[in-house]
Amino acid sequence: RKSLYRFHLDSAMSLQELGPIMFGGTPEIITYFRTKRVLASVAQCNHCNKPMAECPRGDINDAVGWKCHTCKGRMSIRAGSFFSKSRLTLQQWMMLIHYWARQNPVCDAAESSGVGKNTAIDVYQWLREVCSTRLINDGPVRLGGPGVIVQIDESLFRHKQKVVAYVGA
């Protein structure tokens, strides 16, 4: 989850910058996610603990997976990642993360990435949870620094509601 948070910081890139990666095909997307450490670059077999090799697979939507040459075991390229239980393509994930980072409406993200509105809502929620968890686990966030003035709009904070009791006449 931490690496996905790190990816979010970069995902505010323009669509023009992400376009060649996003629409270049699965290999480009896998390479990009690996550079952001969201997907593993190496894998070990769960059965014999030997290194696995990346190999093409026609039976999954990523078209690539891990294969053990010792015991012939296979594993998804997504194993152990944020995407491991998802049926969305990596391209759809990349698009949804991009739209979320740019604070685009869920409806726009769903339409552009070819997923249902409820799926896009779920993805947006998962991404918020990743960031919330990271912020909570990392402790307090320091704002500002030497020579930096931080202004906080107090109207954004939740205020206690005033309780008014009415006595019936």
Side-chain angles (χ1 to χ4, degrees), residues 1-46 50-70 72-138 141-145 148:
R1 286 183 178 238
K2 288 183 180 180
S3 57
L4 190 62
Y5 175 80
R6 204 175 307 113
F7 169 73
H8 160 66
L9 297 176
D10 271 2
S11 63
M13 297 168 65
S14 72
L15 198 53
Q16 182 179 6
E17 294 169 301
L18 275 181
I21 298 165
M22 202 177 312
F23 302 110
T26 303
E28 285 80 4
I29 294 171
I30 290 172
T31 300
Y32 182 76
F33 280 141
R34 282 181 173 161
T35 62
K36 301 302 173 191
R37 296 189 299 187
V38 178
L39 286 177
S41 297
V42 295
Q44 283 193 312
C45 181
N46 293 334
K50 300 282 184 186
M52 299 181 90
E54 193 175 302
C55 64
R57 286 185 58 181
D59 60 331
I60 55 176
N61 66 13
D62 297 331
V64 66
W66 298 109
K67 184 176 182 178
C68 178
H69 293 296
T70 306
K72 306 299 181 206
R74 296 185 340 174
M75 189 167 55
S76 169
I77 199 86
R78 301 175 181 211
S81 77
F82 183 79
F83 312 118
S84 63
K85 294 181 179 162
S86 173
R87 291 182 296 193
L88 298 178
T89 66
L90 292 175
Q91 181 182 32
Q92 288 170 320
W93 268 107
M94 183 170 258
M95 291 178 81
L96 289 167
I97 292 169
H98 174 75
Y99 278 97
W100 177 79
R102 306 287 281 167
Q103 299 180 355
N104 290 103
V106 172
C107 295
D108 294 350
E111 184 179 329
S112 296
S113 61
V115 302
K117 183 179 175 184
N118 289 339
T119 300
I121 289 170
D122 288 344
V123 168
Y124 272 42
Q125 179 61 37
W126 291 330
L127 294 170
R128 279 192 300 273
E129 286 175 17
V130 167
C131 290
S132 297
T133 301
R134 177 71 187 263
L135 288 170
I136 290 168
N137 291 342
D138 286 355
V141 176
R142 181 182 169 153
L143 299 176
V148 177

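Predicted model only: the values in this text are computed from it and were never measured.
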(message) Using side chain to side chain contact (heavy atoms under 4.5 Å, CB included), reason through R78 and L90 one step at a time and then give a plain yes or no.
(response) CA-CA 9 Å; R78 301 175 181 211; L90 292 175; 3.9 Å; yes
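Taking every heavy atom of both residues into account, A40 and R34 meet most closely at O-NE, 2.9 Å. Nearest heavy-atom pair across L127 and L96 is CD1-O, 4.4 Å. Residues C131 and W100 share a closest heavy-atom pair of SG-CH2, 3.5 Å. The two atoms that bring T119 and L88 nearest to each other are CG2-CD2, 3.9 Å, heavy atoms only. Of all the heavy atoms in A110 and A120, the pair that sits closest is CB-CB, 3.8 Å.
A heavy-atom distance below 4.5 Å is not found between the side chains of Y124 and I121. Between P20 and E28 there is no side-chain heavy-atom pair separated by less than 4.5 Å. At a threshold of 4.5 Å between non-hydrogen side-chain atoms, the residues Q91 and M94 do not count as touching. Looking at Q125 and V106, their side chains never come closer than 4.5 Å, going by heavy atoms from C-beta outward.
Within the model, atoms CD1 of I136 and CD of E129 stand 10.5 Å from one another, a figure rounded to the nearest 0.5 Å. Distance CE/M75 to SG/C68: 9.5 Å, rounded to 0.5 Å. Put simply, CE on M52 and CZ on R74 are 9.5 Å apart, with the number rounded to the nearest 0.5 Å. A distance of 10.5 Å separates CG in D138 from OG1 in T133, rounded to the nearest 0.5 Å. Here OG of S113 is found 8.0 Å from OH of Y99. Values are rounded to the nearest 0.5 Å.
Between the side chain of T31 and the main chain of P27, a donor-acceptor pair closer than 3.5 Å is present. Looking only at distances, no side-chain donor or acceptor of D62 sits under 3.5 Å from a matching main-chain atom of T26. Between the R57 side chain and the K67 main chain, no donor and acceptor come within less than 3.5 Å of each other.
When the shell of 6.0 Å around CD of E54 is examined, it contains more than 12 heavy atoms from other residues, nucleotides or ligands.
Taking the six-membered ring wherever Trp is involved, the centroid distance between the rings of F33 and W93 does not fall below 6.0 Å.
Under the side-chain hydrogen bond (donor to acceptor under 3.5 Å, both in side chains) criterion, S41 pairs with no residue, sequence neighbours left out.
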